[in-house]
Amino acid sequence: MWNVIPEQLGGAIKGLAVLLIALLGILAANHARAVEPIQVPLDVDALDLTNAIEIHAGTGPRIQVSTAPGADGIVRRIEVSSRDASNTDWAVFALTNTSDEQIDRLLVAPFFQLVGSRLFWPDLGSSRIASITPSQGIAPERQKSLEADVFLITLDPGAIVTFVAEMTTPDLPQFRLWEPDTYKETINAYTLYRGIILGISGLLALFLTILFVVKGTVMFPATASLAWAVLAYLCIDFGFFSRVFNLTQGDDQLYRACAEVMLAASLIIFLYAYLNLNRWNIHYSHLALTTLVLLLGLLGVAVWDPSIAAGIARLSLGIIGVLGFATVLLLAFQGYDRAIMLIPTWFLLIAWLIGAALTVTGGLANDIVQPALGGGLVLIVLLIGFTVMQHAFAGGAIAQGLISDVERRALALTGSGDIIWDWDVDRDRIFTGNEVEDLLGLRHGTLDGAARDWLEILHPQDRDRFRATLDAVIDQRRGKVQQNFRLRSEDGHFRWFRLRARPIVGSDGEVIRCVGTLLDITEERTAEERLLHDAVHDNLTGLPNRELFMDRLTMALARSRAEASGKPAVLVINLDRFKQVNDSIGLSAGDSILLTVARRLGRLVGQQDALSRLSGDQYGLVLLSEQEPDRVVTLADSLRKAVRAPITFGDREIFLTCSVGIALYEGEKQSVEDLVTNAEIALNHAKRLGGDRQEVFRPILRPLGKNVVDMETDLREAIKKEALGVFFQPIVRLEDQSIAGFEVLARWTHPKRGKIAPSEFIPIAEQSGLINELGTYMMEKGAAQLAFWQREIKMSKPLFASINMSSRQLLKHDLINEVKAILSRLSLAPGTLKLELTESLVMSNPEYSAKVLERLRALGAGLSLDDFGTGHSSLSYLQRFPFDTIKIDQSFVKADGQSARPVLLRSIVAMGHDLGMSVVAEGAENEADALELYQLGCEYAQGYFFGQALSADEATKLLRSIPAETEPA
């Protein structure tokens with residue numbers, strides 16, 4: 001009965017299915033119509049998408065949407081989950097590229113927009129979009145920006161892509177699609193404009209603050225507070241505050257609200273102080289104080305809810321502007337001068353408030369209205385500052401009682417016999433008497449003339465300052481003149497004078513005379529310059545000393561960080577065996593040698609470079625003329641050759657060499673002390689290698705940890721007691737995946753610290769010289785184990801062992817004898833003891849390396865070139881070295897996603913085979929790597945896929961577990 005369905009029931013089910021399919025079709029059609037694709041033209045720089053997007057508010061952490069119909073007319077459905085479960089708002093839009101070109105565009109959603117930010121409960125800005133998910137193609141890439149959420153999208157020709165944006169706020173005030181270059185140019189233009197506005201605002205605030213010190217009146221601190229409030233508001237609005245304090249996106253809401261509160265509060269303070277409201281009515285003071293307290297109380301509200309505080313501050317600013325204008329007009333009708341002078345500026349403030357109100361309510365929606373309002377705010381403060389200064393310095397109040405004071409000072413000068421300097425402004429005549437002319441060797445009457453005649457005998461660097469000072473005295477009609485300048489004597493030398501004078505104002509408020517004294521300070525300035533020079537220069541060579549060297553290096557680093565151009569290098573140069581020279585020929589000859597070396601070095605450095613004597617026989621150089629590392633090394637080599645030239649002293653020639661440590665500037669994290677320390681570490685390394693060479697600092701040269709000495713002692717003891725572990729990593733023959741050999745590796749288990757990585761104790765061995773003992777230890781242990789395997793385990797082809805060598809081992813004079821003794825004692829198969837050397841090690845001294853490698857090859861040792869492709873060797877040198885094996889660095893094997901990787905691997909393998917070498921690849925992590933390497937023609941490989949490093953016993957068990965191979969017939 002279950003196999004039979006009544007005909008009526010079957011018909012009902014079919015009808016219901018048809019109805020369900022129709023409903024789903026209608027829903028799908030509705031979704032398809034909800035997201036209409038927006039065409040992206042090629043010739044439009046910016047496209048406003050604000051009103052074209054579909055907002056889904058409160059949908060939840062997951063949303064399902066239907067995509068815009070594709071080129072085939074099919075509407076698809078996608079589901080997107082939010083990265084943050086608290087984000088429940090989404091925006092959906094679709095873009096289409098109807099052209100035949102690929103289009104790159106930037107999706108930009110600003111954090112804060114004054115336009116439409118509202119008067120009450122304003123939107124103070126925040127990060128708008130957490131992520132954007134496309135229906136197809138590459139996911140949009142977020143671009144770094146402190147002002148907006150910026151995503152880079154790519155639209156293929158003919159593509160129709162639906163985007164789902166995960167929003168962090170329920171609305172999106174502005175959303176635009178920008179052409180990348182246009183957006184960058186726009187941002188740069190706004191950045192320049194903002195920089196100019198901030199510079200003017202900062203200078204104005206600083207100037208008004210300084211004027212308070214000069215003119216002790218309450219108007220200036222009140223005006224300065226308004227200027228500082230405007231500066232703070234602009235710093236936050238322009239994003240400068242976020243850059244300085246490294247705020248994350250949306251963290252400036254509290255500061256923006258506080259800035260708007262302080263803007264309103266500082267306007268109250270200015271009105272009260274400038275109009276001197278306490279003199280008119282006590283109610284003015286009560287009203288101003290109450291308003292100020294309430295406004296400052298908003299700072300506490302801002303901590304709780306910045307939006308509420310900002311809304312109240314905006315409303316308060318408008319009310320203060322209107323009521324303040326009424327107060328100014330009221331006082332102006334009563335004839336109050338201060339109020340009359342403030343009317344034009346306040347008119348401009350009212351216009352600014354109207355524009356700001358229209359902007360925040362959305363009445364003005366232009367892109368330039370926000371920066372324009374910032375510039376207008378600075379203009380208002382500038383006009384207020386001019387108004388305050390005009391009032392403060394107007395009138396002749398300063399002249400009251402001044403004449404009598406000048407008369408008293410004139411009598412005192414007459415009694416003291418000082419040189420009198422008198423400038424008759426009306427007649428433009430200067431009188432100094434004959435004392436100055438006698439000091440300069442000039443004929444009498446030369447200096448008694450017009451002020452412009454003094455310009456001819458003034459030092460060129462002092463002329464503009466002297467002229468500007470006299471002009472300022474006439475314009476300001478107050479103050480003091482205190483200036484040091486140089487006058488040229490008859491023989492062409494200059495003498496220093498100090499002028500101290502004050503203007504005398506007549507009854508009409510204009511300066512009629514300027515009277516003071518001249519004092520000859522030549523000896524004083526000479527002594528100061530000598531002391532300053534001696535304080536920062538070496539007495540013997542005349543070069544800057546260590547303090548000036550560090551100061552110039554600090555300036556070079558600061559300039560490099562500010563301009564993002566030029567990377568200074570530090571070279572520390574030390575003479576080799578200079579103490580023996582001093583002991584043999586005396587200290588006076590040693591001083592002569594130091595002076596000669598300083599002159600030789602000075603001829604080779606550029607004008608922008610700074611050569612200094614740091615201490616004793618050590619010199620320092622801040623190098624700016626050369627930027628490329630190879631050019632820096634070439635210059636260091638030239639310096640060494642200059643020092644190496646013989647120095648004639650009496651009837652004998654002295655031959656010296658020097659070592660040079662080089663530290664290259666890598667980035668902002670490096671300090672001055674770090675650069676100098678790195679150069680000195682490199683210098684010490686060059687000394688340890690025998691001197692007469694230059695070394696570039698590498699992190700491996702820096703001592704690791706605070707207990708380097710203890711670790712060095714423990715390492716020496718471990719080598720001596722043969723407590724250092726010797727491990728073997730399998731090297732597999734890719735043809736049949738049989739074990740062909742092992743790489744010998746050092747492992748150290750410290751009795752107290754446990755396992756210590758080779759990256760930690762190998763550098764210590766390099767620096768302390770233990771690397772020779774460590775290398776010999778590893779060679780003997782590895783060779784002995786290899787001999788045991790070749791003797792006890794029979795294989796079709798003899799096993800080989802690869803042992804790493806360091807630069808010190810290669811330079812070791814008895815290396816050849818050690819290898820010869822090991823090979824003859826253990827009777828190893830020829831070529832199975834392979835010595836591994838890196839490219840950089842061999843190329844550090846190619847001629848010497850070629851000779852040593854030929855000798856080692858002749859003894860029967862195999863030679864393997866390790867880390868091939870990562871060094872800087874020349875292929876012309878490569879064919880000269882007798883290597884029989886090339887090891888490809890694991891960086892080439894693991895370079896996933898790079899299209900050139902197979903080509904590079906194939907080229908390296910082919911080149912190795914053409915040169916008659918075997919090829920071993922490092923870093924085989926999986927079976928796919930092994931298969932690919934085998935298909936490329938690589939014979940051997942090693943990596944975690946074939947096994948990690950094993951102890952000798954484990955490696956022996958592994959070899960014995962392999963079935964014995966029979967010799968071929």
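Since the structure is predicted, the reported quantities are computational estimates derived from the model, not experimental observations.
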With sequence neighbours left out, write down each residue that passes side chain to side chain contact (heavy atoms under 4.5 Å, CB included) with [X], or none if nothing qualifies.
X: R546; result: M550, L614, V676, E680
X: S615; result: Q618
X: P646; result: E653, F655
X: V726; result: F728, V744, Y777, M778, K781

Distance only, no hydrogens: is a donor on one side chain within 3.5 Å (strictly under) of an acceptor on the other, for [X] and [Y]?
X: S738; Y: R733; answer: yes
X: S659; Y: N574; answer: no
X: Q729; Y: Q948; answer: no
X: S560; Y: K567; answer: no
X: S951; Y: D953; answer: no
X: S671; Y: D674; answer: yes

**Q.** Nearest atoms (heavy-atom pairs only) where C658 meets I573
**A.**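 For C658 versus I573, the nearest heavy atoms are SG-CG2, 3.9 Å.
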Kindly give the heavy-atom pair with the smallest separation between G923 and D929, and that separation in Å.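 Residues G923 and D929, closest heavy atoms: O-OD2, 4.1 Å.
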Spacing of [atom1] belonging to [X] relative to [atom2] belonging to [Y], to within rounding of 0.5 Å:
X: L905; Y: L936; atom1: CG; atom2: CG; value: 6.0 Å
X: L715; Y: I771; atom1: CG; atom2: CD1; value: 8.5 Å
X: I719; Y: L774; atom1: CD1; atom2: CG; value: 4.5 Å

| request: Indicate yes or no for a side-chain donor-acceptor contact from E939 to the backbone of L734 under 3.5 Å, with no hydrogens or angles considered. | output: no
**Message:** Between R613 and G616 (side chain of the first, backbone of the second, donor and acceptor by atom type, cut-off under 3.5 Å), is there such a pair?
**Reply:**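 Between the backbone of G616 and the side chain of R613 there is a qualifying donor-acceptor contact (under 3.5 Å).
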Given the rule in the salt bridge (charged side-chain N to carboxylate O under 4.0 Å, His left out) test, do D617 and K579 qualify, once you have shown the distances and angles that lead to the verdict? CA-CA 9 Å; D617 60 339; K579 186 177 182 301; over 6 Å; no
Inter- and intrachain pairs under ring pair (Phe, Tyr, Trp, His ring centres under 6.0 Å), touching residues 930-956, at least two apart
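Only F800-Y940 qualify under ring pair (Phe, Tyr, Trp, His ring centres under 6.0 Å).
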Could you check whether atom CZ of R631 has more than 12 heavy atoms from other residues, nucleotides or ligands sitting under 6.0 Å from it? no
Checklist line | R855, CZ atom: more than 12 neighbouring heavy atoms under 6.0 Å | finding: no
### Minimum side-chain heavy-atom gap R747-K755 below 4.5 Å
no
_F697 vs L675, test: side chain to side chain contact (heavy atoms under 4.5 Å, CB included). Steps then yes/no._
CA-CA 9 Å; F697 172 78; L675 271 177; over 6 Å; no
The ring-ring contact (aromatic ring centres under 6.0 Å, His included) partners of H913 (sequence neighbours excluded) come to none
